[in-house]
Number of protein chains: 2
Amino acid sequence: MNPVNLKRLAQELNLSIATVSRALQDSYEVSPQTKERVRALAAELDYRPNEYASSLRRNISKTIGVVIPEVNNHFFSLAINGIEEVARQNDYHVLIYLTHEDFEREVAITQYLTGGRVDGLLMSVASGSQEFGHLQKLHASKPAIVFFDRVCDALQTAHVTTNDYESGYQATRHLLEAGCRHVAHLLVSGNLSIGRMRMQGYQAALQEAGLPFDDTLVLSGEGDDDHNTALIANLLRARPEIDGVFASVERLAISTYLACQTLNLTIPADLKVIGFSNLGVAALLNPALTTITQPAYEIGREAATILLRAIEKKRPILPTQSVVLKSELFPRRSTARE
Amino acid sequence: MNPVNLKRLAQELNLSIATVSRALQDSYEVSPQTKERVRALAAELDYRPNEYASSLRRNISKTIGVVIPEVNNHFFSLAINGIEEVARQNDYHVLIYLTHEDFEREVAITQYLTGGRVDGLLMSVASGSQEFGHLQKLHASKPAIVFFDRVCDALQTAHVTTNDYESGYQATRHLLEAGCRHVAHLLVSGNLSIGRMRMQGYQAALQEAGLPFDDTLVLSGEGDDDHNTALIANLLRARPEIDGVFASVERLAISTYLACQTLNLTIPADLKVIGFSNLGVAALLNPALTTITQPAYEIGREAATILLRAIEKKRPILPTQSVVLKSELFPRRSTARE
DNA sequence: CTGTTAGCGCCTTCAT
DNA sequence: ATGAAGGCGCTAACAG
């Protein structure tokens, strides 16, 4: 059984390969009758073009890559959901790579990607990344890049983010208004743009309330969950005056909850907690956890849309195309998927 | 600036393209000195092979596809985590496709994949899929397929599953031993293998306890979360004798919880609930939710390992290579990622 | 050990 | 409206 390719179709129809190719692309310079004949046989034999050949020839892969820290996280899951949606609508394929917050892996992956495998890239940088030579090299090599959530400012391209400064400010104010006077702040990494923005919001709210900024109340939780939980427990034990916690990511909010369990602290009676979270259900299951939810699905859609549009138009992406979406305070539900 | 390809390297080194190619593949029939010269220049120019050309020529793409219902779900997220891990270790790329439990999409995706874009496929079928002609056609066309969790028996290949019958039995027994006499069962779809197995375990436990199987206590929740929650609330309202619920998937367990809230029922005082869940944190955040956790990460690793091994050896996958892993009852944590 | 040659399947001038 | 021919970048068989 011969493989079903253009050659085979051409032979069976007594046409040239070129004509068959054109017919399948619905070229205007092929007669309607011929088109019909070609299409009929293609359907009958279930012809599928070899996309690798096409990619090689046209230097376009119809594939985008998604590079994120992890997928086991509602924010990124929902974002992928949005990305995949847009990709499929435009007949693009989605390759996925996980950095696990590890700089080395991120570098390895970007190298892996230099070489035309993808037409574009959607990326949220790892918390350990401080240096961006690998991204610059990649960007120079070809693919368009759009950052979402965790941004890299060193590249001349668009970002899709949320109003992190404002959210940090509002979250902190929420605690202050509830009567807190010693608010701790938990963040993943001071390297990350989102961490910095949220922290600035936190500082602004404190300042506005006439409270001092105490950097010993700021904790950076970069390890695994158990480690972070222990760190938080230590902090709470050492500083009993802490009456509020603003967790800048979901996992730290949960670790805070667990730390409170071990210390027999009740939320929100003993300690008020507010945290970023896209795990809508967790908030529902435990109303004591106050949350800020990012529109993750929309972020994914938005980022993918900008990327694909730029690819199709073969135009570089400009920073001016960046988009800032709004997070939702105290949401009742996680973002729906469609 | 010329593109950096084999031709370019060959010219600059006064070698033939073939020799350069061989040198980069560390072929034994190239002198060490030449290899070194080639490697040095390749590194200097940051040469990256064009993988599409290579794929075209060798008819191997070093890419696998993952087709799953959704990613915004801890089970699948963790599975992807495991899959990506194994793939990267073996220098494979991972394409991802979401069916959203929709049969039509599943068919469209499989057609999309017929044509050599992937060497293999990892798949968990959509709940709406009852007919598997699309999968058989795909399988016949080329790529190796391994099913995980939601299996398709119609294909002659391996599955990676968990001990669903046993888990269903144990979950139901857990409720019976806690004194329940009217245990409802919630499942996604009677079409799915996992649904059937878990239900059989449920029935076996009832039978063993001398209780009748009442199919009006079995609810199939195929809609969205709000819809399911309403269905469950209706059931609980109409049948106040229900004192236990066995939810066969996480989302239904959560919907049960929400339904109880609207009815002012307390778990576990008024109603005992046990559910499959990979959302370890949710269970931690609400200890009233008793859970069964599948080793999702290991399932992903296992499935990917079987698939890649078969691809590398160019051997068909046999049903005898199937693996059954064990779910964990009442776990303290979700499966770690590494 | 190295080079020459012939494609993989597809697209795209250029010619008719 | 159709065909012939060349080449995308790489690999593999065959020479030497």
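So that the names make sense, note that chain A is the first sequence line, chain B the second, and so on, each numbered from 1.
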When rounded to whole Å, the CD to P distance for the pair B:Gln25 and C:dC1 reads 17 Å

Whole-Å distance between D:dA15 P and B:Glu29 CD? 15 Å

Whole-Å distance between D:dG9 C1' and B:Arg8 CZ? 15 Å

Contacts satisfying salt bridge (Lys or Arg N to Asp or Glu O under 4.0 Å) that involve residues 125-142 of chain A (not counting sequence neighbours) are A:Asp119-A:Lys142

Roughly how many Å is it from CG in A:Asn59 to P in D:dC10, rounded to a whole number? 12 Å

Is any side-chain nitrogen or oxygen of B:Ser31 closer than 4.0 Å to OP1 or OP2 of C:dT2? yes

So which atom in A:Val4 and which in A:Tyr47 form the shortest heavy-atom distance, rounded to 0.1 Å? O-CD1, 3.4 Å

Using whole Å, report how far CD of A:Glu36 lies from C1' of D:dA1. 17 Å

Looking across every strand, which nucleic acid part, if any, lies under 4.0 Å from B:Ser55 by heavy atom: base, sugar-phosphate, or nothing? nothing

Base, backbone or nothing for each nucleotide of nucleotides 4-10 of chain C, written B, S, -, heavy atoms under 4.0 angstrom, 5' to 3'? B-BBBBB

Apply the side-chain hydrogen bond (donor to acceptor under 3.5 Å, both in side chains) test between B:Tyr92 and each candidate in B:Lys62, B:Glu312, B:Glu84; give the one that qualifies. B:Glu312

Side chain to side chain donor-acceptor pair (under 3.5 Å) partners for A:His134, two or more places apart: A:Glu106

Hydrogens and angles aside, do A:Glu51 and B:Tyr112 bring a side-chain donor and acceptor to less than 3.5 Å of each other? no

So that I can tick it off, tell me whether A:Glu85 and B:Arg105 are bridged by a salt bridge, with the cut-off set at under 4.0 angstrom between side-chain N and carboxylate O. yes

Please give, in whole Å, the distance from D:dA1 P to A:Arg37 CZ? 15 Å

